[in-house]
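Letters A, B, ... are given to chains in the order of the sequence lines, protein chains preceding strands, and every chain is numbered from 1.
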Amino acid sequence: MHKYRTHTCSEITKKDAGATVKLSGWIHRKRDHGNLLFFDLRDHFGLTQCVMENSNSFFKIAEKIKPESVVSVVGKVISRSSDSVNKDLFTGEVEVKISSFDILSESKDLPMPVFGEQDYPEETRLKYRFLDLRREEMHENIILRSKVISFIRNKMIDSGFLEFQTPILTASSPEGARDFLVPSRVHPGKFYALPQAPQQFKQMVMISGFDKYFQIAPCFRDEDGRADRSPGEHYQLDIEMAFVEQDDVFKIVEPLFFELFTKFGKGKEVSKNPFKRITYKDSMLKYGTDKPDLRNPIEIVDVTEIFKRDDVKLDIFKKVIQKGGIVRAIAAPNTSSKPRSFFDGYNNWAKEEGAKGLGYIILEKNKDKFVGKGPIGKFFSEDAINLLVKACKLNDKDSVFFSSDRINEVEKISGIVRQKLGKDLNLINNKKFEFCWITDYPMYQYDEKEKKIDFSHNPFSMPKTDIKNFDKVDPLSIFAYQYDLVCNGCEISSGAIRNHLPDLMYKVFSKVGYSKSEVNSKFEGMIKALSYGAPPHGGMAPGIDRIVMLLAEKENIREITLFPMNQNAQDLLMGAPSDLNEPQLKELNIKVIEKKK
RNA sequence: GGGGGUGUAGCUCAGUUGGUUAGAGCGCCUGCCUGUCACGCAGGAGGUCGCCGGUUCGAGCCCGGUCACUCCCGCCA
């Protein structure tokens, strides 16, 4: 007989009745009748009920042992009588009558029970992560994560991609997020950086002549956490392909996501290939965001022209327009019977979000004629109302909100109003995964704070413009071969066709104020590599954590991460970050400066 | 760095207008119990009400500060 088990805890059925089996696992739950003891034995696979009578020589020990202790038992499989079958359990038709009971590892009193579905404080869960992970839901989430990763890996290999590891200790890069730095012992005063992504390495792989690369790559960014963003580290499916255009990348990624989400998406409907393609500009107009939730049917409409009309007498909005502002409309289907508080609620909420507030019109039909009600309805002529109805595709019983301000503010607020309406009015179909590509990102944006032009995305992306005219055009009008993959309002990937031309690279960087020599020094390896024959190439890097969150229907990244840090970037289980002792610091030539309070 | 929320028993939470000795369920301990599967029954232990200060005759409750966790903004090419 095997030292620990002949079967797992989710294996024994009626067929095994009469057999003697050995099981090992955790004491999940005890039910002590004084002279008769039941306990559920749990392992990774499931539960088996064990039973013991007081005549058993192990009875006293078993009665005393605490839940979550690990034991090994030997016993005979007994068919349960029909009235004592537990239909909720795979092994519920049998139980094991214990003949031998061996304690492998005792548990102390628990800081949090494993049994049950109650919520526990995040702090306790992280501190005792190994207990939290024993719980069924967490256990399932982590298993799902593993399966997702193997599915992806198999699919990538089947599609002709090679999996490579790239360095974890590398050089700090001047663009992007804050780096995590590692001091060099050998080179006092110098530092390695952990990669924010293997961006430059994957391009080097292409330049090295490999055709298709992927990696489930750890990425390190020293930025603050959010519910859907771990501080410190996350994983990306890093992909890069040589001799490709944007569509070639899409054609590899679309079936991968369709199959992945169909297989692990709990029967939800997944967007068919090809996924919808929406330009950045259109997305900002129609959805007020570059990560639209397409399950929400509401589309934002620009109605600036209507508000300019003489038969619309709303001076506040007209003034905004005169100053270069715009007006956009967000329809709220079937809300005309909502109480005044509904509309005022939105208006107040928008102000809290930092907007100037929202106007609204409630639509009614009077003898086949649309009439605009609500505080500003009276400022619209019949013609103007009809134009609005047509532009926004409004129906009788709808109402419509208006936001008026500078374009950036309007886009922002209309996007969140649209999403709030979708949620509040129950317009979002939770049984769907709606994918789309957002394409044609602007290469540059104007940084209001720094008062200068900056990259809006990845500086290594190929600009969508003629290289000869690059210097002549307004940088803010230049688009890039830069795309995002979005699902249900969640950005799950960014990607691009890369700029493989050193001359163009200098020009691209010169627009944000980098001289040729600065580019040479800051991206020395990259520029060098591009100067000895680089294939046109491109790729993307979907976020593994986000994908698993969507599939597991979790809002919080810690629910699908084995050993996450808390929001303050601390590992409460291992105690990271931690102090170093003097000799360690000395060896690294590091002096800690006490922070003044 | 900024804003919001939370903090009462090991855990989940209640605690009225500021008023006697701060409660319940789960867990834990003791006893009883041979068919439970959230076993049951009886009893018991367990509290610096996050911490510091203030107001008050009196503070879990009000005020100021602070800490922790969390959510958001900034940040995340």
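The shortest distance between the side-chain N/O atoms of A/R226 and the OP1/OP2 oxygens of B/U70 is not below 4.0 Å. The shortest distance between the side-chain N/O atoms of A/N556 and the OP1/OP2 oxygens of B/C71 is below 4.0 Å.
The cationic group of A/K464 does not satisfy the cation-pi geometry with A/F479, failing either the under 6.0 Å distance to the six-membered ring centre or the 45° limit from the ring axis.
Side chain A/R221 to base B/C76: no donor-acceptor pair is found below 3.5 Å.
Mapping A/N568 and A/A177 onto RNA chain B by nearest heavy atom places A/N568 at the nucleotide closer to the 5' end.
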Protein-nucleotides 24-30 of chain B N/O pairs under 3.5 Å:
residue : atom : partner : partner atom : Å
B/C29   : OP1  : A/K66   : NZ           : 3.0

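Taking atom P in both B/U55 and B/U17, one finds a spacing of 25 Å when rounded to whole Å. With P as the reference atom, B/C61 and B/U70 are 25 Å apart, rounded to whole Å. When the P atom is used for both B/A38 and B/C32, the distance is 26 Å, rounded to whole Å.
The aromatic ring of A/H33 does not stack onto the base of B/U36, failing the criterion of a centre distance under 5.5 Å from the six-membered base ring together with planes under 30° apart.
Less than 4.0 Å separates RNA chain B from at least one heavy atom of each of the following residues of residues 38-60 of chain A: A/F38, A/Q49, A/E53, A/N54.
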query = Where each pair must be Watson-Crick or G-U wobble with both distances under 3.5 Å, what dot-bracket representation of RNA chain B is obtained, with crossing pairs in [ ] and other-strand partners as |?
reply = (((((((..((((.....[...)))).(((((.......))))).....(((((..]....))))))))))))....
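In this structure, A/Q570 reaches the sugar-phosphate backbone alone: every heavy-atom distance under 4.0 Å involves primed, P, OP1 or OP2 atoms, never a base. Note on A/R558: only backbone sugar-phosphate atoms sit closer than 4.0 angstrom, heavy atoms only; bases stay farther off.
When the P atom of B/U12 is taken as reference, atom CG of A/D132 falls 13 Å away, rounded to whole Å.
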